[in-house]
Amino acid sequence: MMIHPQFDPVAFSLGPLQVHWYGFMYLLAFVAAYGLAWYRSTKREGWSTEMVSDLVFFGALGVILGGRIGYVLLYQFSELLENPMYLFRVWEGGMSFHGGFIGVALAMIYFAKKYKKPIFNVLDFIVPCVPTGLLFGRIGNYINGELWGRVSDGGYNWLTYFPQAVNFDAALIATNPALQSLMTDVNGNYLLPRHPSQLYEAFAEGLLTFILVWWFSSKPHPRMAVTALFMLCYGLSRFTIEFFRQPDEGYALIFGWMSKGQLYTLPMIIIGAVLMVLAYRRQQYDWGKYATHS
């Protein structure tokens, strides 16, 4: 089994400027999104470099504002009431995909109106560039030692002891003495083996979703189909991996098994399935030999 290395939260310094790992991961995400979007623009008619720059800029604003506001409202609302400035402490981590998704959707609606494009034409263009951002974001979660997984007695070699979870582990051991058989002394602290769920999510929500959606979008499909596939891939990945991820502290499981993350993800899966059906019923194509441009 592994012990989380407790990385220095500062990736590097440039004079007095300290660049945190979490911020650096977001920078990599935006650079990757711009590069992939630029490449896609060279393969599609009606997309210029200026459009790509605006698209990524608006999308970045949507991710940062929506992700942070969504996280605070959905998961840390009591903290916000006690300390409103908590909303701006983004360097400590804490971003919600669901809030970021809504933020990006609103930004894309604005972009679509500005350039007079159908909204799903825009979404189908940009969503294949999104999973790489999820990949870097989840790696950032792992580096920060946050959002760790559930305790496991499976004995798998990749299970991880997270020193950041020491207080959480102590509380679990106190309430469930049977867990003492799993605990290990790490630098004077008794820790429990956990799934490195951040890495599971990096693989499934990030790498695997990117491969599937990028491959699917490389050939003409009806409008909305690419967006629908992304929502299905992300939704199913997130819903599944939530079974390995530690539920948010202070929130009881719904029906005794469903986490808040699964509750918020369920509508994405349903909407993705509905959009996929509608896409193939309407048969509107934005490029390729069947393009309707309507």
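Within a 6.0 Å sphere centred on CZ of Phe12, other residues, nucleotides and ligands contribute more than 12 heavy atoms. Within 6.0 Å of OH on Tyr290 lie no more than 12 heavy atoms contributed by other residues, nucleotides or ligands. At most 12 heavy atoms of other shown residues, nucleotides or ligands fall within 6.0 angstrom of atom CH2 in Trp38. By the neighbour-count criterion of 12 heavy atoms within 6.0 Å, atom CZ of Phe243 is densely surrounded, having more than that number from other residues, nucleotides or ligands.
Ion pairing between Glu242 and Lys260 fails under the 4.0 Å rule for side-chain N and carboxylate O.
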Scan the side chains in residues 181-193 for donor-acceptor partners under 3.5 Å anywhere in the protein, sequence neighbours excluded, and list what turns up.
residue	atom	partner	partner atom	Å
Ser181	OG	Ala178	O	3.1
Thr184	OG1	Tyr161	OH	2.9
Asp185	OD1	Gly188	N	2.8

Name the atoms and distances for all side-chain donor-acceptor pairs under 3.5 Å in residues 76-83, with sequence neighbours left out.
residue	atom	partner	partner atom	Å
Gln76	NE2	Tyr71	OH	3.3
Asn83	OD1	Met85	N	3.3

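Of all the heavy atoms in Leu159 and Pro196, the pair that sits closest is CA-CD, 4.4 Å. Taking all atoms of both residues into account, the shortest heavy-atom contact from Ala202 to Leu135 is O-CD1, 3.3 Å. In this structure, Ser259 and Ile254 approach most closely via the heavy-atom pair O-CD1, 4.4 Å. Here the closest heavy-atom approach between residue Pro222 and residue Asp124 is recorded as O-OD2, 4.2 Å. Closest of all the heavy-atom pairs between Ile3 and Pro163 is CG2-CG, 4.5 Å. Across all non-hydrogen atoms, the minimal contact from Pro220 to Gly288 is CG-CA, 3.9 Å.
Residues Val130 and Phe101 form no side-chain contact, since every pair of their non-hydrogen atoms from C-beta on lies 4.5 Å or further apart. Counting heavy atoms from C-beta on, the side chains of Ile64 and Phe30 come closer than 4.5 Å. Two residues are said to be in side-chain contact when any heavy atoms from C-beta on lie closer than 4.5 Å; Trp158 and Tyr200 meet this criterion. With a 4.5 Å cut-off on side-chain heavy atoms, Phe244 and Arg150 do not count as touching. Side-chain contact between Phe162 and Gln6: absent, with no pair of heavy atoms (C-beta onward) separated by less than 4.5 Å. The shortest distance between side-chain heavy atoms of Tyr142 and Trp148 does not fall below 4.5 Å. Under the 4.5 Å side-chain criterion, counting only non-hydrogen atoms from C-beta, Leu266 is not in contact with Gln262. The side-chain heavy atoms of Met276 and Leu229, taken from C-beta on, include a pair separated by under 4.5 Å.
The side-chain contact (heavy atoms from CB on, under 4.5 Å) test applied to Ser237 returns Ala204, Glu205, Thr209, not counting sequence neighbours. By the ring pair (Phe, Tyr, Trp, His ring centres under 6.0 Å) test, Phe7 is found to be paired with His4, residues two or more places apart in sequence or in another chain being considered. In this structure Asp169 satisfies the salt bridge (charged side-chain N to carboxylate O under 4.0 Å, His left out) test together with Arg194, sequence neighbours excluded.
The cluster map of Ile, Leu, Val, Met, Phe, Trp and Tyr, joined by side-chain heavy atoms under 4.5 Å apart, puts Phe58 and Leu27 in different clusters. Hydrophobic clustering (side-chain heavy atoms under 4.5 Å, transitive across Ile, Leu, Val, Met, Phe, Trp, Tyr) keeps Leu65 apart from Tyr110. By the rule that hydrophobic residues join a cluster once side-chain heavy atoms approach within less than 4.5 Å of another member, Met2 and Ile139 end up as members of separate clusters. Neither Val166 nor Val151 shares a network with the other; the hydrophobic side chains, linked directly or stepwise wherever heavy atoms of I, L, V, M, F, W or Y lie under 4.5 Å apart, form separate groups for each. Under the 4.5 Å side-chain heavy-atom criterion for Ile, Leu, Val, Met, Phe, Trp and Tyr, Leu253 and Ile241 are members of distinct hydrophobic clusters.
Relative to the six-membered ring of Trp47, Lys117 meets both conditions, a distance below 6.0 Å and an angle of at most 45° to the axis. A cation-pi arrangement is not found for Arg223 relative to Tyr285, the charged atom failing to lie both closer than 6.0 Å to the ring centre and inside a 45° cone about the ring normal.
Residues Arg40 and Ser217 bring a donor and an acceptor atom of their side chains to less than 3.5 Å of each other.
Using cut-offs of 30° and 60° for the angle between ring planes, the Phe216 and His221 rings count as parallel. Between Phe97 and Phe230, the angle of the ring planes lies from 30° to 60°, which puts this pair in the tilted group.
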Open item on the list: side-chain contact (heavy atoms from CB on, under 4.5 Å), that's the test. Do Leu199 and Phe203 meet it? Break it down for me.
Closed with: CA-CA 6 Å; Leu199 300 182; Phe203 172 76; over 6 Å; no
Open item on the list: Applying side-chain contact (heavy atoms from CB on, under 4.5 Å) to Gln180 and Ile173, what does each step give before you reach the verdict?
Closed with: CA-CA 6 Å; Gln180 291 180 7; Ile173 293 170; 3.7 Å; yes
Open item on the list: Working note: Leu55 + Met108, criterion side-chain contact (heavy atoms from CB on, under 4.5 Å); need CA distance, chi angles, decisive distance, verdict.
Closed with: CA-CA 7 Å; Leu55 187 65; Met108 296 303 98; 3.2 Å; yes
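For residues 102-114, the pairs satisfying salt bridge (Lys or Arg N to Asp or Glu O under 4.0 Å) are Asp54-Lys114, with sequence neighbours left out.
Between Tyr26 and Phe136, the gap from one ring centroid to the other reaches at least 6.0 Å.
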